[in-house]
Protein chains: 2
Amino acid sequence: MDLASTVQRLFAALRRRSPPGLSLTAASTLSILDADGPLRLTELASREGVTQPAMTQLVTRLERDALAVRRASAADGRVVLVEITTAGRDLLHHRRRVRADAVTSLLAQLPAEDRKSIEAALPALDRLASLIS
Amino acid sequence: MDLASTVQRLFAALRRRSPPGLSLTAASTLSILDADGPLRLTELASREGVTQPAMTQLVTRLERDALAVRRASAADGRVVLVEITTAGRDLLHHRRRVRADAVTSLLAQLPAEDRKSIEAALPALDRLASLIS
DNA sequence: TATTGTTATACTCTATAACTATA
DNA sequence: TATAGTTATAGAGTATAACAATA
């Protein structure tokens with residue numbers, strides 16, 4: 001029983017219950033844009049750990065779906081600033097709510113002591129995630 | 001701070017540090033074959049939560065890479081039995097070891113009480129994962 | 001007819017290499 | 001020349017629909 005396998009199993013399960021229409025990377029990128037405002041494409045690619053061409057295409061899809069827009073930088077003509085739209089924000093928040101509800105209802109099926117230990121470990125797991133990023 | 005987001009962040013981080021050469025679904029499918037022996041293609045698809053055509057293609061890739069083989073069923077001529085090879089088993093175990101080592105070295109960077117609470121929650125998280133599948 | 005699996009087709013997502021535009 | 005981003009190309013991975021073989 002190791003943490004990596006457990007995380008993988010949990011994630012695979014979550015993914016299967018996620019509403020479709022937004023890939024993992026797309027959702028994660030929207031989260032960053034939601035939290036940290038307009039960002040350069042290169043900065044986004046670096047934060048997501050994907051290549052610049054991959055981010056170009058992802059942003060193109062997000063823009064096609066009206067979830068984000070490209071803007072020019074006044075300071076540097078080469079730079080593209082990516083910004084989340086209201087529709088993007090709405091979709092993101094809706095997905096989060098749906099997913100959180102699903103997890104909550106699953107947790108409710110566990111014994112109380114299991115819930116308690118998971119809840120107690122959450123801040124530590126969060127710090128672990130921050131450590132890795 | 002919710003569990004779903006934390007799991008997603010942990011998984012994204014793990015994925016980025018995973019050695020290449022085996023996708024998430026490929027690794028997960030090999031795990032099933034490793035643990036539960038030769039299985040029918042339909043059974044594999046159902047356990048992975050993917051469609052039958054998707055599993056056909058995945059098994060074709062695994063077979064091409066010599067990680068699994070197709071076998072005929074003596075009892076039913078329609079059935080394909082998928083079996084992990086020694087090379088598949090070796091690769092799987094190697095990946096697990098590499099990943100477990102990475103997680104261990106990361107956990108070592110956390111305060112002792114964080115490690116303790118994560119360790120304490122692991123069985124509960126495992127049960128949660130089983131619940132979802 | 002029902003079940004098992006494959007093939008055909010299309011889309012997302014990713015990478016590397018080559019390119020364009022701006023600094 | 002260096003940097004920011006795009007385009008070209010290729011491959012993995014997924015889905016739905018249509019098909020072939022076996023039961």
Side-chain angles (χ1 to χ4, degrees), chain A residues 8 11-30 32 38-83 91 95, chain B residues 8 11-30 32 38-83 91 95:
Chain A
Q8 176 169 328
F11 175 76
L14 277 181
R15 177 193 238 174
R16 255 171 257 157
R17 332 214 125 204
S18 281
L22 209 50
S23 78
L24 169 68
T25 312
S28 174
T29 301
L30 279 183
I32 294 175
L39 287 172
R40 291 179 27 187
L41 198 139
T42 304
E43 172 70 18
L44 268 181
S46 143
R47 292 210 200 180
E48 274 304 316
V50 300
T51 59
Q52 209 175 61
M55 188 50 71
T56 289
Q57 292 204 25
L58 173 56
V59 169
T60 299
R61 286 190 296 271
L62 290 176
E63 206 168 25
R64 178 205 56 195
D65 297 340
L67 304 175
V69 288
R70 278 181 170 88
R71 279 186 6 215
S73 161
D76 188 331
R78 299 169 301 180
V79 164
V80 163
L81 292 173
V82 186
E83 186 172 12
L91 179 57
R95 272 175 65 89
Chain B
Q8 176 167 329
F11 174 76
L14 277 182
R15 176 194 237 174
R16 257 171 255 155
R17 334 212 124 206
S18 280
L22 210 50
S23 78
L24 169 68
T25 313
S28 174
T29 301
L30 278 184
I32 294 175
L39 287 172
R40 291 178 27 187
L41 198 138
T42 304
E43 173 69 19
L44 268 181
S46 144
R47 291 210 201 179
E48 274 304 316
V50 301
T51 60
Q52 210 174 60
M55 187 51 71
T56 289
Q57 293 204 24
L58 173 56
V59 169
T60 299
R61 285 190 297 270
L62 290 175
E63 207 168 24
R64 179 205 57 195
D65 297 340
L67 305 175
V69 288
R70 278 180 170 88
R71 278 185 8 213
S73 162
D76 188 331
R78 299 169 301 181
V79 164
V80 163
L81 293 173
V82 186
E83 185 173 13
L91 179 57
R95 274 176 65 90

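Just so you know, these numbers use all the heavy atoms, side chains as well, and skip hydrogens, waters and symmetry mates. All figures in this text were calculated on a predicted structure; none of them were measured in a lab. Each chain gets a letter, A, B and so on, in the order its sequence line appears, and its residues count up from 1.
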Check: B/Thr25/B/Glu48 side-chain N/O donor and acceptor closer than 3.5 Å:
no
If I compare all heavy atoms of B/Leu30 with all of B/Leu67, which pair ends up nearest, and what's the gap?
CD2-O, 3.8 Å
Go through the structure and list residues passing side-chain hydrogen bond (donor to acceptor under 3.5 Å, both in side chains) with [X], not counting sequence neighbours.
{"X": "B/Glu83", "answer": "B/Arg71"}
{"X": "B/Thr42", "answer": "B/Gln52"}
{"X": "B/Gln57", "answer": "none"}

Which residues pass the side-chain contact (heavy atoms from CB on, under 4.5 Å) test with B/Ala54, sequence neighbours left out?
B/Val50, B/Thr51
List in chain and number order the residues that pass side-chain contact (heavy atoms from CB on, under 4.5 Å) with A/Ala72, two or more places apart in sequence or in another chain; answer none if no residue qualifies.
none
If the sugar-phosphate is the primed atoms plus P, OP1 and OP2 and the base is the rest, what is the B/S/- string for nucleotides 10-20 of chain C, using protein heavy atoms under 4.0 Å?
--SBBBBB---
Round to a whole Å and report the spacing from [atom1] of [X] to [atom2] of [N].
{"X": "B/Arg40", "N": "D/dT22", "atom1": "CZ", "atom2": "P", "answer": "16 Å"}
{"X": "B/Leu67", "N": "D/dA12", "atom1": "CG", "atom2": "C1'", "answer": "14 Å"}
{"X": "B/Glu48", "N": "D/dA15", "atom1": "CD", "atom2": "P", "answer": "11 Å"}
{"X": "A/Glu43", "N": "D/dT3", "atom1": "CD", "atom2": "P", "answer": "16 Å"}
{"X": "B/Leu41", "N": "D/dA21", "atom1": "CG", "atom2": "P", "answer": "18 Å"}
{"X": "A/Glu63", "N": "D/dT6", "atom1": "CD", "atom2": "C1'", "answer": "13 Å"}

Checking all strands, does B/Thr56 fall into the base, sugar-phosphate, or nothing category for heavy-atom contacts under 4.0 angstrom?
base
Below 4.5 Å, heavy atoms only, C-beta onward: do A/Leu58 and A/Leu44 meet side chain to side chain?
no
Could you check whether any side-chain heavy atom of B/Val59 comes within less than 4.5 Å of a side-chain heavy atom of B/Val80, counting everything from C-beta outward?
no
To the nearest 10 degrees, what angle separates the axes at the start and end of the helix from C/dT1-D/dA23 to C/dA23-D/dT1, five pairs each?
20°
If a pair satisfies salt bridge (charged side-chain N to carboxylate O under 4.0 Å, His left out) and one of its residues is in residues 51-69 of chain B, list it, with sequence neighbours excluded.
B/Glu63-B/Arg70
Qualifying salt bridge (charged side-chain N to carboxylate O under 4.0 Å, His left out) pairs, either residue in residues 73-82 of chain B, two or more places apart:
B/Asp76-B/Arg78
Pull out every protein N or O sitting under 3.5 Å from an N or O of nucleotides 21-23 of chain C, one pair per line with the distance.
| from | atom 1 | to | atom 2 | distance (Å) |
| --- | --- | --- | --- | --- |
| C/dA23 | OP1 | A/Gly77 | N | 2.8 |

